[in-house]
Amino acid sequence: MRLALAFGFIMAMTTAASAGMTMTFEWGPTAKCFDPKSPPITLSGVPAGTKTLAFRMTDLDAPDFKHGGGTVAFAGQKTLPYGTFSYRGPCPPKPHTYEISVRALDSTGKILATAKARKRFP
C-alpha cells in the first residue's frame with residue numbers, strides 16, 4: 001500500500017510539473033533539406049531550478065530517422081532564435097509531421113518538466 005501511495009505521489013508531482021511547461025515552434029527560415037539550425041522556439045512555464053533545456057526532434061512519419069537535437073543553457077529566456085542549437089533538419093519527400101520535445105533539467109540532470117509540439121514541414 002505504501003509503495004502504491006508513493007508511486008501515486010511521484011506521478012502527481014511529475015504530472016503537475018510537466019503540465020505547466022509549454023513549447024511552440026515555427027519553421028521560420030528553416031531551409032529544405034537538412035538545415036542544421038534549429039527552428040525558432042517559444043517557451044512558457046519553465047520551472048524554477050531549470051539549468052538546461054534538452055531538445056529532440058522526431059519525424060512522426062519516419063520515426064527511425066535520427067534527427068537528433070541539442071542542449072541549451074537556460075537563463076530564463078522565453079524564446080530561442082533560429083539556430084540556437086544544431087541538429088539534422090527536415091528533408092521529407094512529401095510533407096511530414098515533426099515533433100520537437102524538450103526536457104527541463106536541473107543542475108544534476110533531473111527532469112523537472114517536459115513539453116512537446118508538432119508541426120508539418122514543409
> After noting the C-alpha distance and the side-chain angles of V46 and V102, does the key distance pass the side-chain contact (heavy atoms from CB on, under 4.5 Å) rule?
Replying inline: CA-CA 10 Å; V46 178; V102 60; over 6 Å; no

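- Using the six-membered ring where Trp is involved, W27 and F25 have ring planes that are perpendicular, over 60° apart on the 30 and 60° scheme.
- Closest approach of P39 and T30 over heavy atoms only: CB-OG1, 3.9 Å.
- Remark: H67 NE2 to E99 CD distance equals 12.0 Å, nearest 0.5 Å.
- Between atom OG1 of residue T50 and atom NZ of residue K110 there is a gap of 11.0 Å, rounded to the nearest 0.5 Å.
- The OG1 atom of T52 lies 10.5 Å from the CZ atom of F74; values are rounded to the nearest 0.5 Å.
- Separation of atoms CG (L112) and NZ (K51) is listed at 10.0 Å; rounding is to 0.5 Å.
- Across C91 and Y98, no two heavy atoms sit closer than the pair N-OH, 3.8 Å.
- Residues Y82 and F121 fall into different hydrophobic clusters, defined by Ile, Leu, Val, Met, Phe, Trp and Tyr side chains chained together at heavy-atom separations under 4.5 Å.
- In plain terms, the two heavy atoms of P95 and D61 that are nearest each other are O-OD2, 4.3 Å.
- When all heavy atoms of Y87 and K37 are compared, the pair lying nearest together is CE2-O, 3.3 Å.
- Distance check: K119 NZ to T97 OG1 gives 10.5 Å after rounding to the nearest 0.5 Å.
- The shortest distance between side-chain heavy atoms of P29 and P40 falls below 4.5 Å.
- Aromatic pair F85/F55: centroids less than 6.0 angstrom apart.
- Expressed to the nearest 0.5 Å, how far CE of M23 lies from CG of L80 amounts to 10.0 Å.
- L105 and M21 fall into different hydrophobic clusters, where Ile, Leu, Val, Met, Phe, Trp and Tyr side chains are chained together by heavy-atom contacts under 4.5 Å.
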